[in-house]
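Read through the structure below, which is laid out as C-alpha cells, and then see the notes.
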Amino acid sequence: IEQPTFPKITEMCVKMIRRVNDEEGIKKLVNETFQKLWFTPTPHHDKEAMTRKILNITDVVAACRDTGYDWFEQLLQNLLKSEEDASYKPVKKACTQLVDNLVEHILKYEESLSDSDNKGVNSGRLVACITTLFLFSKIRPQLMVKHAMTMQPYLTTKCSTQNDFMVICNVAKILELVVPLMEHPSETFLATIEEDLMKLIIKYGMTVVQHCVSCLGAVVNKVTQNYKFVWACFNRYYGALSKLKGQHQEDPNSTILTANKPALLRSLFTVGALCRHFDFDQEDFKGNSKVNIKDKVLELLMYFTKHSDEEVQTKAIIGLGFAFIQHPSLMFEQEVKTLYNSILSDKNSSVNLKIQVLKNLQTYLQEEDTRMQQADRDWKKVAKQEDLKEMGDISSGMSSSIMQLYLKQVLEAFFHTQSSVRHFALNVIALTLNQGLIHPVQCVPYLIAMGTDPEPSMRNKADQQLVEIDKKYAGFIHMKAVAGMKMSYQVQQAINTCPKDPVRGFRHDESSSALCSHLYSMIRGNRQHRRAFLISLLNLFDDTAKTEVNMLLYIADNLACFPYQTQEEPLFIMHHIDITLSVSGSNLLQSFKE
C-alpha cells in the first residue's frame with residue numbers, strides 16, 4: 001500500500017497537473033482530463049472504481065508532498081467555478097463522494113494499523129488521505145462538516161514519526177476550517193477539541209504549536225468564546241518570559257538561564273503564536289485591567305532580540321512576526337524599524353536572522369492578502385445594498401506604509417551571497433508588487449538584476465514580475481534597463497565565489513546565452529528603445545564614462561551573446577563600435593607609442 005499502486009499513472013498525473021496554470025488551451029485540457037479522471041461521479045455500486053480513484057488521487061498528493069499543492073487547489077477551484085450556475089453539478093457530487101470515501105478509507109487504515117505490527121507501512125497512505133481531505137476542506141469546507149466528529153480523535157495520535165506529526169497538523173487545519181461551519185455542535189465535542197489542542201500546544205514543537213494555536217483561534221473566537229481558557233494559557237507563558245527576563249537582567253551569565261533555555265524558546269514562540277490569533281487587549285481577556293498587553297509583549301520580545309544567543313534572538317523575532325500580524329501598527333515603532341533595518345542592511349548580521357525578518361514580512365503580506373480576498377468575498381455578498389469601498393482601503397493603506405519603510409533594505413538583500421536570503425527577498429517583493437503596495441518603477445533595476453540569478457526558479461520569478469510590469473506600464477523596463485544591467489553586475493559580484501576571477505556576462509548552457517538575455521528580448525521589439533539601450537551600453541566604453549574594466553568585460557559578454565533575431569541588430573552594434581574605434585582607438589595607439 002505504501003508504494004504507488006500505479007506508478008506510471010501517478011507520474012503522468014503529476015506532470016500533467018503542474019500545467020494547470022499554463023496558457024488557456026493547455027489549462028482547458030488539464031481541467032477536462034482531471035474532470036474525467038477524478039471529478040466525475042462514480043456509480044454507487046462500483047466500489048472498485050472508487051477505490052482506484054482514491055488510490056490514484058492520494059498517490060499524486062503524496063508525490064507532490066515537497067513541491068506544494070497549489071495545483072490541486074487551482075484545479076478544484078477551476079472545476080467548481082465552471083459549474084457554479086449550472087443546475088446539474090457533477091463535480092460537486094464527485095467531490096462529496098470522494099470526501100465520504102476518503103473518510104471511510106481512513107477508518108479502514110486505522111483498523112489495519114491497530115491490527116498489524118507493521119505500522120509504518122500504512123501511515124504514509126493515511127497521511128496522504130488526510131492531506132487530501134485538508135485540500136478539499138480548503139476549497140469547500142462544507143463537504144467535511146458531517147465528518148468533523150470523526151476527525152477529532154486524530155488529535156490524540158501518539159507522535160513518534162514524522163507522519164504522525166503530519167496527521168495532527170492536517171487534522172488541526174481541517175477542524176479550523178470546518179468547526180465554525182457546524183450547526184449546534186455538542187459542548188462535549190468542543191471542550192474535547194479545546195483540551196486536545198491545549199495538550200498539543202504544551203507538549204510538541206513549533207509546527208504543531210503553530211497549527212494548533214491557529215485551530216484554537218478559530219474554535220474559540222468563532223464558536224465557544226471560551227476566552228478564560230486561552231487567557232490562562234497565555235499567562236502561563238507570558239509569566240515564564242517575564243520571570244526569565246528578570247533573571248537575565250540580574251545575571252546574564254547565570255546557569256539557571258542555560259538550564260531554562262528550552263523553556264525560554266518555547267515561551268517566546270508560543271506567546272507570539274497566541275498573540276497572532278487572539279487580541280488580548282479585548283475586555284473578554286483582560287477584564288477591566290488598564291495594562292496594554294500588546295505593548296508589554298512587544299517590550300518582552302524586543303528584550304530577547306538583544307540576547308547573546310542567536311537561537312534566542314531568532315525565536316524572539318519569530319514571536320514578533322506573529323504579534324505584528326494581529327497588530328501591524330507595531331511595525332511603525334522606532335525600535336522595531338531599527339531592529340529590522342539593521343538586521344537587513346548590516347553585512348555582518350547572521351544569515352538566519354536576515355531570513356527570519358524577511359519571512360516575517362512575507363507571512364504578514366500573505367495574511368494581508370488572504371484577509372483582503374476574504375473582505376472582497378464578503379463585500380461582494382453585500383455589495384448590492386451599500387457602498388463598502390472603504391473597507392479594504394484602510395488595511396491596504398497600512399501594508400503600503402509598512403512596505404515603504406522596509407522596501408529599500410529588502411531590495412538590497414538581493415545582493416547577498418546566500419541564495420536563501422535572495423529567495424525570501426524576492427518573495428517579499430513579488431507579494432508587494434502583486435498587491436500594488438508600491439510604485440513598481442523603483443523595483444525594476446533590482447528585478448532585472450535578479451533575472452541573472454544562477455537558480456532558474458528565481459530567474460523565472462523575477463522575469464515574470466518584469467513581464468507583468470511591462471504589460472501595465474509600457475516603457476518602464478526600457479527606462480531602467482541600463483541601471484538594471486549595472487545592478488546585475490553587482491549581484492553577480494556578490495554571488496561570485498572566486499573573487500580573483502572576473503565576473504562574466506554569459507551562462508554556459510547548450511549555447512552561451514547572455515545573463516541579461518531576457519531583458520534584451522523584452523526591449524528588442526521596439527526599435528527606438530532597442531537602439532537607445534544598445535547605444536547607452538556602448539557609451540559606457542567611452543573614456544569619459546570612467547567605467548571599471550571588469551564591468552566593461554561583463555557588458556561586452558552580454559552584448560556578444562544577446563539573443564539577436566535580425567541581421568540589423570548586430571550590424572547596428574558593429575557600426576557603432578567601428579566609429580568608436582576609429583576615434584578612440586587611434587588615440588589609444590598614439591598614447592602607447594608616446
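Quick caveat, the model's predicted, so the values are computed rather than measured.
Take F424 and apply the ring-ring contact (aromatic ring centres under 6.0 Å, His included) test, not counting sequence neighbours, and it matches no residue. Not counting sequence neighbours, K347 has no partner by the salt bridge (Lys or Arg N to Asp or Glu O under 4.0 Å) test.
Annotation: side chain of Y554 is not in contact with side chain of N550 (no heavy-atom distance under 4.5 Å). L330 is listed as a side-chain neighbour of D295, based on a closest heavy-atom distance under 4.5 Å. Counting only heavy atoms from C-beta outward, the side chains of L559 and I573 approach each other to under 4.5 Å. Considering only heavy atoms from C-beta on, I139 comes within 4.5 Å of L80 through its side chain. In this structure, C13 and L37 have side chains that are in contact, with non-hydrogen atoms separated by less than 4.5 Å. Looking only at side-chain heavy atoms (C-beta outward), F304 and K315 stay at 4.5 Å or farther from each other. Looking at heavy atoms from C-beta onward, L344 lies in side-chain contact with L358 at the 4.5 angstrom threshold. Residues M16 and F34 meet the side-chain proximity criterion, which asks for heavy atoms closer than 4.5 Å.
In this structure, Y520 and Y564 have perpendicular ring planes: the angle between them is above 60°, well past the 30° mark. Relative orientation of the F562 and F533 rings is tilted, given thresholds of 30° and 60° on the angle between their planes. Ring-plane geometry between Y473 and F476 is classed as parallel, the angle between the planes falling under 30 degrees on a 0 to 90 degree scale with a further cut at 60. Under the 30°/60° scheme for interplanar angles, the aromatic rings of F415 and Y446 are found to be tilted. Aromatic ring orientation, Y204 versus F165: perpendicular (interplanar angle above 60°, classes split at 30° and 60°).
In this structure, S536 and A532 approach most closely via the heavy-atom pair OG-O, 2.7 Å. Between P141 and L177, the shortest heavy-atom distance links the atoms CB-O, 3.8 Å. For the pair G451 and D463, the tightest heavy-atom approach, listed with the atom from each and the gap, is CA-OD1, 3.7 Å. Nearest heavy-atom pair, L268 versus A316, reported as atom, atom and distance to 0.1 Å: CD1-N, 4.0 Å. Here the closest heavy-atom approach between residue I130 and residue I174 is recorded as O-CD1, 3.8 Å. In this structure, V213 and A273 approach most closely via the heavy-atom pair CG1-O, 3.4 Å.
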Please assess T417 against I495 for the test side-chain contact (heavy atoms from CB on, under 4.5 Å), listing each intermediate value before the final yes or no.
CA-CA 5 Å; T417 38; I495 294 168; over 6 Å; no
Where do K359 and N427 land on the side chain to side chain donor-acceptor pair (under 3.5 Å) test, with the steps shown first?
CA-CA 9 Å; K359 274 185 182 170; N427 281 356; over 6 Å; no
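More than 12 heavy-atom neighbours from other residues, nucleotides or ligands sit within 6.0 angstrom of NZ on K261. Counting heavy atoms of neighbouring residues, nucleotides and ligands inside a 6.0 Å radius, atom CD of Q567 does not exceed 12 of them. Heavy atoms from other residues, nucleotides or ligands lying under 6.0 Å from NZ of K486 number 12 at most. For K306, the NZ atom sits in a packed shell: over 12 heavy atoms of surrounding residues, nucleotides or ligands are nearer than 6.0 Å. Within a 6.0 Å sphere centred on NZ of K294, heavy atoms belonging to other residues, nucleotides or ligands number more than 12. With a 6.0 Å radius and a threshold of 12 heavy atoms from other residues, nucleotides or ligands, M479 has its CE atom above the threshold. At most 12 non-hydrogen atoms from other residues, nucleotides or ligands lie less than 6.0 angstrom from CD of Q528.
The pair E455-R422 does not count as a salt bridge, with every side-chain nitrogen at least 4.0 angstrom from each carboxylate oxygen. Under a 4.0 Å N-O distance rule, the pair E412/K408 qualifies as a salt bridge. Ion pairing between a basic and an acidic side chain is recognised when a charged N comes within 4.0 Å of a carboxylate O; E32 and K28 show such pairing.
Taking the six-membered ring for Trp and the full ring otherwise, the centers of Y364 and F324 sit at least 6.0 Å from each other. Between F541 and H576, the ring centre distance reaches or exceeds 6.0 Å.
Between the side chains of S214 and E176, at least one donor N or O lies within less than 3.5 Å of an accepting N or O. For the residue pair E311 / T314, no side-chain donor-acceptor distance below 3.5 Å is found, with atom types taken as modelled. At a cut-off of 3.5 Å, with distance as the only test, a side-chain donor of N360 or Q356 sits close to an acceptor on the other residue. Counted by atom type alone, S399 and Q435 present zero donor-acceptor pairs between their side chains at under 3.5 Å.
Checked against E569 for a salt bridge (Lys or Arg N to Asp or Glu O under 4.0 Å), the options R524, R531, R527 give a single hit: R524. Each of D346, L339, N341 was scored for a side-chain contact (heavy atoms from CB on, under 4.5 Å) with I343, with one residue passing: L339. Among Q362, Q326, R276, the one residue that satisfies the side-chain contact (heavy atoms from CB on, under 4.5 Å) test with E367 is R276.
Between the CG atom of L431 and the CG atom of D369 there is a distance of 7.0 Å, given to the nearest 0.5 Å. How far OG of S584 is from CD1 of I579: 11.5 Å, rounded to the nearest 0.5 Å. Note that CD1 of I402 and CE of M331 are 4.0 Å apart. Values are rounded to the nearest 0.5 Å. We find the CD-OG1 distance between Q210 and T270 to be 10.5 Å, quoted to the nearest 0.5 Å. The distance from the NE2 atom of H416 to the CD1 atom of I355 is 8.0 Å, given to the nearest 0.5 Å. Atoms CD1 and OG1, on I325 and T363 in that order, are 5.5 Å from each other to the nearest 0.5 Å.
With hydrogens and angles ignored, the 3.5 Å screen pairs a side-chain donor or acceptor of R459 with a backbone N or O of D453. At distances below 3.5 Å, at least one donor-acceptor pair connects side-chain atoms of N496 with backbone N or O atoms of D501. For the pair S488 (side chain) and T452 (backbone), a donor-acceptor distance under 3.5 Å is absent. With hydrogens and angles disregarded, a donor-acceptor distance shorter than 3.5 Å links the side chain of N558 to the backbone of L515.
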